Enquirer: 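I'd like to ask you about the structure that follows.
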Amino acid sequence: MATGPTTTAAAGASDVNHGRRVVTWWIILSVIATPLVAIFVGPAIPPGNHSAQGTEQVFDNTVMTSIITPVLCLLVVFFAYGLRTFRAPAGDTADGPPLRNDARIQTLWMAVTGVIVLFLAGFGTYELLQTGAGGGQGPSPIAKPANAQKAYEVQVIAQQWQFTYRYPELGGMESNQLVLPANTDVVFHVTSLDAVHSFWAYELGVKADANPGSDNVAYVLTKDPETFHVRCAELCGLWHGYMFNNGRVVDQATFDAWAKKAQADYQVIAKYVPKYAHTYLPDPDRRAG
């Protein structure tokens, strides 16, 4: 019969276990890609290892990218296999065969993705509570590092369009330079004099909104001496793009020498600066810059 070979070929094609093929290629690709991502991609994701919080963020990013890699591999294999195997021949205008959902695959997909989401939620919460994560947590932070009570206090004051810094442990001294001692727990009290800004010490892994009338607390444990970059990460007006400067982490002797000189320079303007407080409320006509 003329239809015999065609029928036989169709039956042979239908006997192929496409699911097994997809799973096999998925496992192979995942076994290759996941270690490469964990070794080379995750550790390269910012902010780097210049503070305890930065190191934790790099670790968190590595874990998350490693977990998501097999999921992405499955999607790539599934779509590539489907496009290659079930592609309609050129000129074919017939409707495709009717398809049915597979309840087992749907259930397995929901279970696996649900476990991943719940694990990442628990993992992220644990990591946040370990180091404070470098994010602003308002005036009463829940996630604090172990030595939070002994942290060196620095206030960050944002205004259009610059950051200034006050050191209550140096008599409320104010400076346009952010200098921190190395290997020291530091607590930032971030506030604003006008619009909403965001204090982003990039390499330290610290990012906290600066809101007028609000004390936003963030923690960081510095490491070795280095120069880091400070940016405003919240659109705050015409010259937002120019609102940046550099900070320094220095050894204790260098910090003490800098503090001594900065305090002497500050005495020239000390009588014009308000007493140290966690927030400041300038006159309303100055609040908009």
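It should be emphasised that the depicted structure is a prediction, and the values quoted were computed from it without experimental measurement.
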Enquirer: Go through it in stages, so that I can follow the logic: the residues are His18 and Thr85, the test is side chain to side chain contact (heavy atoms under 4.5 Å, CB included), and I'd like the CA-CA distance, side-chain angles, deciding distance and then a yes or no.
Expert: CA-CA 9 Å; His18 297 291; Thr85 305; 3.6 Å; yes

Enquirer: I'd like to know whether Tyr152 forms a ring-ring contact (aromatic ring centres under 6.0 Å, His included) with Phe255, so could you lay out the CA-CA distance, the side-chain angles of the two residues, the decisive distance to 0.1 Å, and finally the verdict.
Expert: CA-CA 12 Å; Tyr152 191 88; Phe255 179 80; 5.6 Å; yes

Enquirer: Could you tell me whether the side chain of Thr34 and the main chain of Val31 form a donor-acceptor pair under 3.5 Å?
Expert: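 Not confirmed, Thr34 side chain does not pair with Val31 backbone.
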
Enquirer: Between the side chain of Thr191 and the main-chain N/O of Ser214, is any donor-acceptor distance below 3.5 Å?
Expert: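 Side chain of Thr191 to backbone of Ser214, a donor-acceptor pair under 3.5 Å: yes, one is there.
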
Enquirer: Indicate the atoms forming the closest heavy-atom contact of Leu204 with His50, along with that distance.
Expert: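 Looks like CD2-O, 4.1 Å.
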
Enquirer: Compute whether any side-chain donor of one residue and acceptor of the other, for Glu203 and His229, lie under 3.5 angstrom apart.
Expert: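 There is such a pair (donor and acceptor under 3.5 Å, judged by atom type) between the side chains of Glu203 and His229.
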
Enquirer: To check you understand the geometry: which heavy-atom pair defines the closest contact between Val37 and Ser66, and what is its length?
Expert: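 Shortest heavy-atom contact: CG1-N, 4.4 Å.
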
Enquirer: Side chain of Ser30, backbone of Leu74: donor and acceptor closer than 3.5 Å?
Expert: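 Flag not set: sc Ser30 to bb Leu74 has no pair under 3.5 Å.
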
Enquirer: Do any pairs count as a salt bridge (charged side-chain N to carboxylate O under 4.0 Å, His left out) and have a residue in residues 264-275, sequence neighbours left out, and if so which ones?
Expert: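 Checked against salt bridge (charged side-chain N to carboxylate O under 4.0 Å, His left out) - neighbours excluded - the pairs reaching residues 264-275 are Lys261-Asp265.
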
Enquirer: What salt bridge (charged side-chain N to carboxylate O under 4.0 Å, His left out) pairs are there with at least one residue in residues 207-225, not counting sequence neighbours?
Expert: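 Every candidate salt bridge (charged side-chain N to carboxylate O under 4.0 Å, His left out) pair involving residues 207-225 fails, so no pair, neighbours aside, qualifies.
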
Enquirer: Verify side chain to side chain contact (heavy atoms under 4.5 Å, CB included) between Trp26 and Phe78, making sure each step is shown before the conclusion.
Expert: CA-CA 8 Å; Trp26 169 53; Phe78 179 83; over 6 Å; no

Enquirer: With no hydrogens and no angle check, is any side-chain donor or acceptor of Asn61 less than 3.5 Å from a backbone partner on Pro46?
Expert: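 A pair under 3.5 Å: yes.
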
Enquirer: Would Ser51 and Phe228 count as a side chain to side chain contact (heavy atoms under 4.5 Å, CB included) here? Give the steps.
Expert: CA-CA 11 Å; Ser51 71; Phe228 58 91; over 6 Å; no

Enquirer: Yes or no on side chain to side chain contact (heavy atoms under 4.5 Å, CB included) for Phe119 and Ile67, after CA distance, side-chain angles and deciding distance?
Expert: CA-CA 10 Å; Phe119 168 78; Ile67 290 175; 3.4 Å; yes

Enquirer: Counting distance only, does the side-chain N/O of Gln155 pair as donor-acceptor with the main-chain N or O of Ala277 below 3.5 Å?
Expert: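 Yes, the answer is positive, given that a donor and an acceptor are paired below the 3.5 Å cut-off.
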
